[in-house]
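Okay, structure first, notes after.
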Amino acid sequence: MDVKIGSLDSCKAATCNDVGCLPSNGVVSTIQCSAVPFNSTEATLGRHLACRLVQIGVSDVFSVPGDFNLTLLDHFIAEPGLNLIGCCNELNAGYAADGYARARGVAACVVTFTVGGLSVLNAIAGAYSENLPVICIVGGPNSNDYGTNRILHHTIGLPDFSQELRCFQTVTCFQAVVNNLEDAHELIDTAISTALKESKPVYISVSCNLPAIPHPMFSREPVPFSLSPRLSNQMGLEAAVEATAEFLNKAVKPVMVGGPKLRVAKACNAFVELADASGYVLAAMPSAKGLVPEHHPHFIGTYWGAVSSAFCAEIVESADAYLFAGPIFDDLSSVGYSLLLKKDKAIIVQPDRVIIGNGPAFGCILMKDFFIALAKRLKRNTTAHENYSRIFVPGGHPLKCEPKEALRVNVLFQHIQKMLSGETAVITEVGDSWFNCQKLKLPQGCGYEFQMQYGSIGWSVGATLGYAQGVPHKRVIACIGDGSFQMTAQDVATMIRSGQKTIIFLINNGGYTIEVEIHDGPYNVIKNWNYTAFVDAIHNGEGNCWTTKVRCEEELIEAIDIATGAKKDCLCFIEVIVHKDDTSKELLEWGSRLSAANSRPPNPQ
């Protein structure tokens, strides 16, 4: 990856082959900016930062104004390549940046000091867990107040302004406190380049009195800098490929399973090419859904232990060798640590490391390079796919509904399946939608996102806003539970204000269903809202928005016909009313196993 961030004098927005985007070949192209003379009065910190965002591919910035960031926001508005999107709260601005980074490869949000920073912190932690480069910009105190004993508003009443910084240190890979124009250029560029290299969030605090001040640091002859391409250790790569090929070529029925770190490694295409060359079956861990093409002839579904796709776990766990690409084996993905895998049969390929069985391990090896080299060394072996073809029995269909029968969740998702195409994307919230959406078969080009590692309830509203803004050519279909929606509902207003055409299925079952199946109690029952009336109130006759309630299959069919027909250019909000105990069988199984893991007694002392 040879990335040049060049002149500040002419901000060229990144195209689909620039840094901010993830092109189909996984290669990040060079950014080129022509050096055009400009008036030195324009050479300000605010313009520098705005231009850098445009150069790396950010065209939309999610923000909440506050007195410490207002001057900075003025510069963002003045930059023609940036669209400033005001969100209802900082948490949703962070979630929106998370969704945007998934769609475009990089994102930015702007909030105010401490009250805004600590509010957005939860979303930034989620982006960190998902390896998303989100640039979190905070308007900070006047530079003259640093080092004094002054107490400022938006603080906890102490003359110490580092509380926010300390909180961000554990959930960002770089922190820049810009309170001096002399080093502002270096700090900002270092933060942005680190976010791109590490694929993690960074924190930039800019003193509120600095953005508009011209400074020669920003007007001198531009000197482009580049992010040096990461390279594999060739000797280590050859040794790892040799050992892996020997291991796999001895196996009778090897399999391949894709994990969530395929994204950060930019190795999705190389992973598929390895499957093509080897003939192995392909499966995906639940958090990798959407990263492994489901139209591939050897794709066998989601591997999620006891709640896997039908016949998938049987093939994976009975294999005598399994290659996992970028896995995360946490308590959720392992169904309460109940996977039937053996370490001595596993090859674990991480973005920069390969571990074969119980050893050896090889470091400084890029996943993409490893797969490309390994594809040339493997003998073709289709045994696992042949075994799968022998035992596979097509899934059944939900029982046909009686006229006006109360709508069942499995019927709902049967109809959502029919809506999917290469022009759509699915966002699914924490809850039973995790399991129902895992069973959707994604057509080629259909996007799919959910937050499994961090699992923050309410994430999907902001993420839907950001993702839809990042890919305006796709129609986003969001599946959100009522409990999750109540946490972050306000930014449906921002979707309407931004002219988005998302279809939101609000699944109203009266509570936190996923938590009911882990550990039930009265705290899992929520106050019911009139959700369509709520969204109508937000709409308030401004913008394009259509709402409806459905209680049976006939009403659902009619609602989908309207949403995809007459209201195809509107934001469509469909409240689906279902029984509180209508859950997928996978959630019942997963919930009981996770409950058992959570309730393990202390080890003897």
Side-chain angles (χ1 to χ4, degrees), residues 20-22 53 56-64 83-111 119-136 195 199-201 260 263-264 287 289-291 424-431 433-434 437 446-481 484-485 487-505 571:
C21 306
L22 299 179
L53 294 178
I56 63 172
V58 173
S59 54
D60 302 274
V61 176
F62 303 93
S63 67
V64 177
N83 175 34
L84 195 66
I85 298 178
C87 296
C88 297
N89 59 57
E90 292 87 357
L91 179 59
N92 275 339
Y95 285 153
D98 176 307
Y100 192 88
R102 292 165 184 266
R104 297 283 286 273
V106 64
C109 59
V110 186
V111 299
S119 182
V120 79
L121 188 70
N122 186 49
I124 298 302
Y128 189 96
S129 76
E130 301 278 327
N131 298 295
L132 299 171
V134 172
I135 299 164
C136 182
S199 197
K200 295 281 190 182
R263 187 208 304 267
V264 68
S287 49
K289 188 175 179 69
L291 301 179
T424 61
V426 177
I427 304 287
T428 178
E429 178 58 87
V430 176
S433 291
W434 270 8
C437 287
C446 181
Y448 186 93
E449 296 293 345
F450 79 127
Q451 189 195 59
M452 185 170 186
Q453 173 63 36
Y454 198 59
S456 184
I457 290 177
W459 163 87
S460 64
V461 176
T464 296
L465 164 64
Y467 190 93
Q469 194 67 27
V471 285
H473 59 283
K474 286 185 181 288
R475 194 163 196 196
V476 176
I477 298 170
C479 301
I480 308 175
S484 298
F485 184 75
M487 293 192 170
T488 51
Q490 307 99 304
D491 271 285
V492 171
T494 312
M495 299 179 197
I496 298 171
R497 190 181 186 186
S498 302
Q500 296 182 359
K501 54 185 180 180
T502 296
I503 300 174
I504 297 175
F505 287 98
L571 185 138

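Below, each value reflects all heavy atoms present in this structure, side chains not excepted, and no hydrogens, waters or symmetry copies.
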Nearest heavy-atom pair of [X] and [Y]: which atoms, and what distance?
X    : Y    : answer
V264 : S199 : CG2-CB, 3.4 Å
A101 : V134 : CB-CG2, 4.2 Å
C88  : Q490 : SG-O, 3.5 Å
P133 : A195 : CB-O, 3.4 Å
G126 : Q451 : CA-NE2, 3.6 Å
N89  : N92  : OD1-N, 2.8 Å

[X]: side chain to side chain donor-acceptor pair (under 3.5 Å) partners, not counting sequence neighbours:
X    : answer
K200 : N131
T464 : none
S456 : Y95, N122

Exercise. Which residues satisfy the ring pair (Phe, Tyr, Trp, His ring centres under 6.0 Å) test with F450, sequence neighbours excluded?
Worked result: W434, Y448
I'd like to check [X] versus [Y] (side-chain heavy atoms, cut-off strictly below 4.5 Å). Are they in contact?
X    : Y    : answer
S498 : Q469 : yes
I135 : I56  : yes
W459 : I427 : yes

Of all residues at least two apart in sequence or in a different chain, which pass the side-chain contact (heavy atoms from CB on, under 4.5 Å) check with [X]?
X    : answer
A96  : F62, L465
Q453 : S129, E130, I328, D330
V120 : E90, C109, V111, I124, C136, F168

Seminar exercise, completed: In short, salt bridge (charged side-chain N to carboxylate O under 4.0 Å, His left out) pairs touching residues 448-468 with sequence neighbours left out are R102-E449, R263-E449
Once you round to the nearest 0.5 Å, how far does [atom1] of [X] lie from [atom2] of [Y]?
X    : Y    : atom1 : atom2 : value
C87  : D491 : SG    : CG    : 5.0 Å
D98  : Y454 : CG    : OH    : 11.0 Å
L91  : S119 : CG    : OG    : 5.5 Å
T502 : L571 : OG1   : CG    : 5.5 Å

For this session: Spell out, as yes or no, whether a donor-acceptor pair under 3.5 Å connects the side chain of S433 to the backbone of T428.
Result: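 No, the answer is negative, given that no donor and acceptor are paired below the 3.5 Å cut-off.
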For this session: Kindly indicate, with the supporting measurements, whether the criterion side chain to side chain contact (heavy atoms under 4.5 Å, CB included) is fulfilled by V461 and M495.
Result: CA-CA 9 Å; V461 176; M495 299 179 197; 4.0 Å; yes
Problem set entry | S460-Y467 side chain donor-acceptor pair, cut-off 3.5 Å | no
Compile the donor-acceptor pairs under 3.5 Å between side chains in residues 471-480 and protein atoms, sequence neighbours left out, one pair per line.
residue	atom	partner	partner atom	Å
K474	NZ	G422	O	2.7
K474	NZ	G445	O	2.4
R475	NE	K501	O	2.5
R475	NH1	A563	O	2.6
R475	NH2	K501	O	3.3
R475	NH2	A563	O	3.3
R475	NH2	K567	O	3.3
R475	NH2	C570	O	3.0

